Amino acid sequence: MTLSEMVFLPYGRQQIEDDDIAAVVDVLRSEFLTTGPALAAFEAALCRATAARHAVACTNGTAALHLAALAFGLGPGDIAVVPSVTFLSTANAVRLTGAEVVFADCDPDSGLMEAQHFTEALARAEGPVKAVFPVHMAGQCGDLEAIRDVADRHGIAVIDDAAHAIGSRYRLRDGETSPIGDGRLCRMTTFSFHPVKTIAMGEGGAVTTNDDALAARLRHLRSHGMTRDFAEMSQNDMAYDDEGRQNPWYYEMPEVGLNYRVTDIQCALGHSQLKKLDRFVARRRALAARYDSQLEGLSPLLQPLAQSQHCKAAWHLYAILIDFNAAGISRAAFMNRLKEDGIGTQVHYIPVHRQPYYQRRYGETALPGSERYYARTLSLPLFAGMADEDVDRVVAALKRHLGV
């Protein structure tokens, strides 16, 4: 088989099976296309998967972050710490509330914000910080207990961005592991179910929490901020008929919200996919281990991400670090050569503090760990539908183009 005849390997891809399609078709034939029983079933399944008391599903991962920030009460005059190595949405969700962002650095070999980076960001903040948003890059988390300790000392809430980490488990100091999103160390956890993630909904997101009041606010804010619960209303005359009975159509909006509702079509797909979470995670781990074993001995020219000792990752990405200067090739040229071989790659991510909007707002920020991580990172194909031979093919191409 020639290279041109090979199937193209994207860096990520959903795995949709017949039962997923059947679940969606069942909804299309049902009475409810949105805000119906499939939503409740998906949220209950997500609670079981994460061991959280509440799960509030929404339109996408960005909406989940925005809802979490709003529900916690971030707004003008507040400050939140966000790692620079993340997707735009983590920082943008803070700004959409009117709050300001202080960017934190990361470990140059893992891309993770650790407690020392959080502490350094606090020292640069021009006022009290209200929240911190750790990001679980590639499916790994840093030392969440250490980050929580720093946060507690300063009265800061931890809201973790687990867009990459459904199925990952964090490790406590006593050796116990627990699902990311269980709410033991964080006030809220946000998830994304974009097609390249471990669980796909087309587009979709969710927030988990153990806080009953936060869960209620998340649900209100997801649907325009309105309520039909008479116990929460102002009890004005419009709520009642002439005989003092509650008007069944009546609703109130005690605060401004958004339309971040997710459809039952998406939730049916997400629920069906969640039933396969363990299988998908196990396959991703096996593929990552195969990459690890085949890339041994290529350091320092090429090395996998440093593996966190504080979690058991459900790998969303398989990222490697390449010294492109030592290799004598630019990253763009290297990616194009792999593309010619039918292998897709991606860069996760351009540090957010380098984006024009944030540079105009906050000026230049020196974050050397983030810069070093960004200069070397490259995400290779990783998805549950890959065969072992696909890993072998990618590794062979890497070695050929690096001349090793």
Side-chain angles (χ1 to χ4, degrees), residues 10-17 19-24 27 33-52 54-68 86-90 93 133 135-139 141 159-168 179-182 188-209 218-219 222 258-281 283-284 313-317 346 348 379 382-385:
Y11 86 86
R13 185 170 62 199
Q14 71 274 11
Q15 181 158 330
I16 303 299
E17 298 169 340
D19 56 343
D20 300 316
I21 295 169
V24 171
V27 168
L33 294 187
T34 191
T35 323
L39 168 63
F42 173 69
E43 290 179 335
L46 188 56
C47 284
R48 291 191 295 271
T50 60
H54 301 283
V56 180
C58 57
T59 48
N60 52 57
T62 303
L65 283 160
H66 192 200
L67 283 173
T86 183
F87 187 52
L88 303 169
S89 55
T90 317
F133 289 74
V135 174
H136 306 322
M137 274 296 299
C141 69
I159 303 170
D160 55 334
D161 180 344
H164 293 187
I166 184 72
S168 293
I180 291 286
D182 71 347
M188 288 175 280
T189 299
T190 68
F191 293 96
S192 169
F193 305 111
H194 182 276
V196 297
K197 304 299 197 302
T198 301
I199 296 301
M201 289 174 64
E203 286 281 2
V207 185
T208 60
T209 184
L218 288 163
R219 292 190 175 99
R222 171 178 69 181
L258 301 123
N259 183 357
Y260 280 162
R261 295 188 297 259
V262 64
T263 70
D264 274 40
I265 300 166
Q266 293 163 280
C267 288
L269 177 56
H271 190 190
S272 179
Q273 290 261 298
L274 270 177
K275 295 174 184 176
K276 310 168 193 184
L277 179 61
D278 290 346
R279 170 161 61 94
F280 286 174
V281 168
R283 183 58 186 154
R284 285 171 174 270
W315 294 101
H316 160 53
L317 301 173
Q346 189 53 274
H348 296 91
S379 297
L382 183 71
F383 49 92

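Residue numbers start at 1 and run along the sequence shown. No experiment lies behind these values; they were computed from the predicted model shown.
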Between the main-chain N or O of A163 and the side-chain N or O of D161, is there a donor-acceptor pair closer than 3.5 Å? yes

Check whether any side-chain heavy atom of I180 sits under 4.5 Å from a side-chain heavy atom of C141, and report yes or no. yes

Nearest heavy-atom contact between C47 and A55 is SG-N, 3.4 Å

Expected output: side-chain E203 to main-chain N60 donor-acceptor under 3.5 Å: no

Whether R284 side chain and A314 backbone form a donor-acceptor pair below 3.5 Å: no

Counting N and O atoms only, with roles assigned by atom type, does the side chain of T208 sit under 3.5 Å from a partner on the main chain of G181, one being a donor and the other an acceptor? yes

Nearest non-hydrogen partners of A206 and A64, listed with the distance: O-CB, 3.5 Å

Please round to the nearest 0.5 Å and tell me the distance separating atom CE of M188 and atom CG of L218. 6.0 Å

Any non-hydrogen side-chain atom of L39 less than 4.5 Å from a side-chain atom of Q266? no

Side-chain heavy atoms of T86 within contact of F133, under 4.5 Å: no

Which heavy-atom pair separates V281 from I166 by the least distance, and what is that distance? CG2-O, 4.3 Å

Under 4.5 Å between any side-chain heavy atoms of L269 and F42, yes or no? no

Do F193 and L46 touch side chain to side chain, with heavy atoms closer than 4.5 Å? yes

To the nearest 0.5 Å, how far apart are NE2 in H136 and CG in D160? 3.5 Å

Can you name the nearest heavy-atom pair linking H271 to A45, along with the distance? CD2-CB, 3.5 Å

Backbone of I199 reached by a side-chain donor or acceptor of Q273 within 3.5 Å: no

Does some side-chain heavy atom of V262 sit less than 4.5 Å from a side-chain heavy atom of M201? yes

Can you measure from CG (L65) to OG (S89) and round to the nearest 0.5 angstrom? 5.0 Å

Any chance you could measure I265, atom CD1, to L33, atom CG, to the nearest 0.5 Å? 5.0 Å

For the side chain of D264 and the backbone of T35, is there at least one donor-acceptor N/O pair under 3.5 Å apart? yes

Students often mix this up, so state it plainly: with edges at 30° and 60°, are the rings of H348 and H316 parallel, tilted or perpendicular? perpendicular

Can you name the residues that form a side chain to side chain donor-acceptor pair (under 3.5 Å) with H194, not counting sequence neighbours? none

Within a strict 4.5 Å, meaning less than it, do heavy atoms of the V196 and Q346 side chains meet? no

To the nearest 0.5 Å, tell me how far C58 SG sits from R222 CZ. 8.0 Å

Got a second to check how far T198's OG1 is from Q15's CD, nearest 0.5 Å? 11.5 Å

Of all heavy-atom pairs linking T263 and T34, the shortest is CA-OG1, 3.6 Å

Quick one: closest heavy-atom pair of A38 and A268, and the distance? CB-N, 4.2 Å

Decide, yes or no, whether a salt bridge links D19 with K275 under the criterion of side-chain N to carboxylate O below 4.0 Å. no

Among residues at least two apart in sequence or on other chains, which ones pass side chain to side chain donor-acceptor pair (under 3.5 Å) with R13? none

Side-chain contact test, heavy atoms from C-beta onward, threshold under 4.5 Å: evaluate it for T62 versus L88 and give yes or no. no

Under a 3.5 Å distance rule, please check whether R219 uses its side chain to pair with a backbone N or O of V56 as donor and acceptor. no

Ring pair (Phe, Tyr, Trp, His ring centres under 6.0 Å) with F191: which residues, sequence neighbours excluded? none

